[in-house]
Amino acid sequence: MRVIKNGMKNYKSAIVVVLILLMGCKSAQTEEPTLQNITIHMIGDSTMANKKNPDENPERGWGQILPQFFNEKVTIKNHAVNGRSTKSFRELNHWQPVLESLQPGNFVFIQFGHNDGKETDPTRYTNPQTAYRYNLIRYVEETRAKGAIPILFSSIARRRFNSEGVLLDAHGNYTLMARLVAQELNVPFFDMQYLTEQMEVSYGVEASKKLHLHFAPGENDYFPEGITDNTHLSVLGATEICKIFVAELQKQQLPLAKYIKK
């Protein structure tokens, strides 16, 4: 009799366990999967940076426009600053607060070069083969040490056509070094110089002015004396660069592409 009672007791216990497991399975089946929230940190120069007074100011950095292209799961923190190089961004203490805020799984977009080439400014200039290269390596390694994911970008092209209508290079070896660092460290790389050169050429010598800041005196209230700027971007130019980036992101099939707004 004791054996039978113990057997019945074990049997009932087994039924309870099975019921609990079945309820758990049902709960797991009905629970909706949730996408991970993503944070993108952007570090770079004026071509990426947020511009003040956007209601009046016709200038934009492409990082200022980029949130429009991602869904609600993505938060973009644009830390880019006008006039900064790989050297001055660190030395003026823009990088340290970003580094301290990084969380595992965050992305860090790294795009410098325009101001690294300022040969008359010792506070910004870096030799592309030496200081620029090692500065990029350091940004990548420090990002990875926090469990975040670095992505390297070459600088966007300048609108620099010669008298024959040929678009000329404006960045020398800086783009090459960024590409080589990306290959060496196995970092995703976006060759924005090449892609934006194609954009400038497709618009042509005259129409490409719309991508930048070209206003005659009295044409724009924000620049009453007029402006001719072939480096910085208009709303159109920044938007076009975001489209280029999104298309390349999809082409490279990086996981971040699934967060692009449909």
Side-chain angles (χ1 to χ4, degrees), residues 40 42-51 58-70 76 78 80-86 89 107-118 128 132 136 150-162 164-183 187-214 227-252 254 256-257 260:
I40 298 171
M42 306 182 75
I43 64 171
D45 55 41
S46 56
T47 60
M48 177 187 277
N50 294 337
K51 306 302 176 182
E59 183 183 354
R60 294 292 187 278
W62 72 271
Q64 193 169 3
I65 301 289
L66 190 59
Q68 301 174 21
F69 290 83
F70 284 98
I76 296 179
N78 189 1
V81 180
N82 291 3
R84 299 299 181 258
S85 68
T86 57
F89 193 83
F107 289 85
V108 180
F109 291 2
I110 305 165
Q111 184 182 50
F112 292 99
H114 276 281
N115 299 300
D116 286 83
K118 303 289 187 181
Y132 178 73
L136 290 182
I151 297 180
L152 284 171
F153 295 75
S154 60
S155 295
I156 65 171
R158 285 189 171 97
R159 181 187 169 277
R160 186 185 175 197
F161 290 95
N162 66 13
E164 287 76 29
V166 175
L167 185 70
L168 302 178
D169 173 43
H171 299 306
N173 284 335
Y174 291 98
T175 293
L176 174 61
M177 285 301 113
R179 183 184 295 112
L180 291 177
V181 169
Q183 291 175 353
V187 177
F189 176 65
F190 287 74
D191 194 346
M192 298 303 286
Q193 179 178 354
Y194 170 68
L195 296 170
T196 55
E197 283 177 350
Q198 292 181 310
M199 175 189 72
E200 299 280 355
V201 170
S202 70
Y203 269 79
V205 175
E206 286 302 314
S208 60
K209 294 178 180 178
K210 298 185 296 184
L211 301 169
H212 300 279
L213 304 174
H214 281 252
I227 187 172
T228 300
D229 184 336
N230 293 309
T231 297
H232 299 101
L233 302 165
S234 64
V235 173
L236 173 64
T239 303
E240 289 288 86
I241 288 175
C242 288
K243 291 178 181 178
I244 288 171
F245 164 71
V246 165
E248 184 67 12
L249 183 64
Q250 292 172 315
K251 181 180 178 181
Q252 293 194 27
L254 297 179
L256 191 57
I260 294 170

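Here the structure is a predicted model, which means the values were calculated and not measured. Both backbone and side-chain heavy atoms feed into the values below; hydrogens, waters and symmetry mates do not.
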Specify the closest pair of heavy atoms between [X] and [Y], including all atoms of both residues, with the distance to one decimal.
X: Gly113; Y: Asp45; result: N-OD2, 4.2 Å
X: Thr175; Y: Phe189; result: O-CZ, 4.3 Å
X: Ala80; Y: Ala49; result: O-CB, 3.3 Å
X: Leu167; Y: Phe161; result: N-CD2, 3.7 Å
X: Ala257; Y: Gln250; result: CB-CA, 4.3 Å
X: Tyr194; Y: Gln198; result: OH-NE2, 2.9 Å

What's the separation between atom [atom1] in [X] and atom [atom2] in [Y], rounded to the nearest 0.5 Å?
X: Cys242; Y: Gln64; atom1: SG; atom2: CD; answer: 10.0 Å
X: Leu152; Y: Leu136; atom1: CG; atom2: CG; answer: 6.0 Å
X: Met42; Y: Ile151; atom1: CE; atom2: CD1; answer: 10.0 Å
X: Ile76; Y: Phe107; atom1: CD1; atom2: CZ; answer: 11.5 Å
X: Leu195; Y: Met192; atom1: CG; atom2: CE; answer: 6.0 Å
X: Thr47; Y: His212; atom1: OG1; atom2: NE2; answer: 10.5 Å

Answer yes or no: is there a donor N or O on one side and an acceptor on the other, between the side chain of [X] and the main chain of [Y], under 3.5 Å?
X: His171; Y: Ile156; answer: yes
X: Arg84; Y: Asn82; answer: yes
X: Thr86; Y: Phe112; answer: no
X: Asp191; Y: Ser154; answer: no
X: Glu59; Y: Leu213; answer: no
X: Arg160; Y: Asp169; answer: yes
X: Thr196; Y: Met199; answer: no
X: Tyr132; Y: Asp116; answer: no

Quiz item: What pairs with Phe190 under ring pair (Phe, Tyr, Trp, His ring centres under 6.0 Å), at least two apart in sequence or on another chain?
Solution: Phe153, Phe245

Side chain proximity check, [X] to [Y], heavy atoms < 4.5 angstrom:
X: Ile40; Y: Leu256; value: yes
X: Ile110; Y: Pro150; value: yes
X: Val181; Y: Val187; value: no
X: Arg158; Y: Glu200; value: no
X: Trp62; Y: Ile244; value: no
X: Leu233; Y: Ile65; value: no

According to side chain to side chain donor-acceptor pair (under 3.5 Å), who are the partners of [X], at least two apart in sequence or on a separate chain?
X: Glu248; answer: Gln252
X: Gln183; answer: none
X: His232; answer: Ser46, Asp229

Self-check item: Step-by-step side-chain contact (heavy atoms from CB on, under 4.5 Å) determination, Phe69 to Lys243
Solution: CA-CA 8 Å; Phe69 290 83; Lys243 291 178 181 178; 3.8 Å; yes

Quiz prompt | side chain to side chain contact (heavy atoms under 4.5 Å, CB included) partners for Val235, two or more places apart | solution =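 Arg60, Thr239.
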
Self-check item: side chain to side chain contact (heavy atoms under 4.5 Å, CB included) partners of Asn230, counting only residues at least two apart
Solution: Arg159, His214, Thr228

Quiz item: Between the side chains of Glu240 and Tyr203, is a donor N or O closer than 3.5 angstrom to an acceptor N or O?
Solution: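 Yes, Tyr203 and Glu240 have a side-chain donor paired with an acceptor closer than 3.5 Å.
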
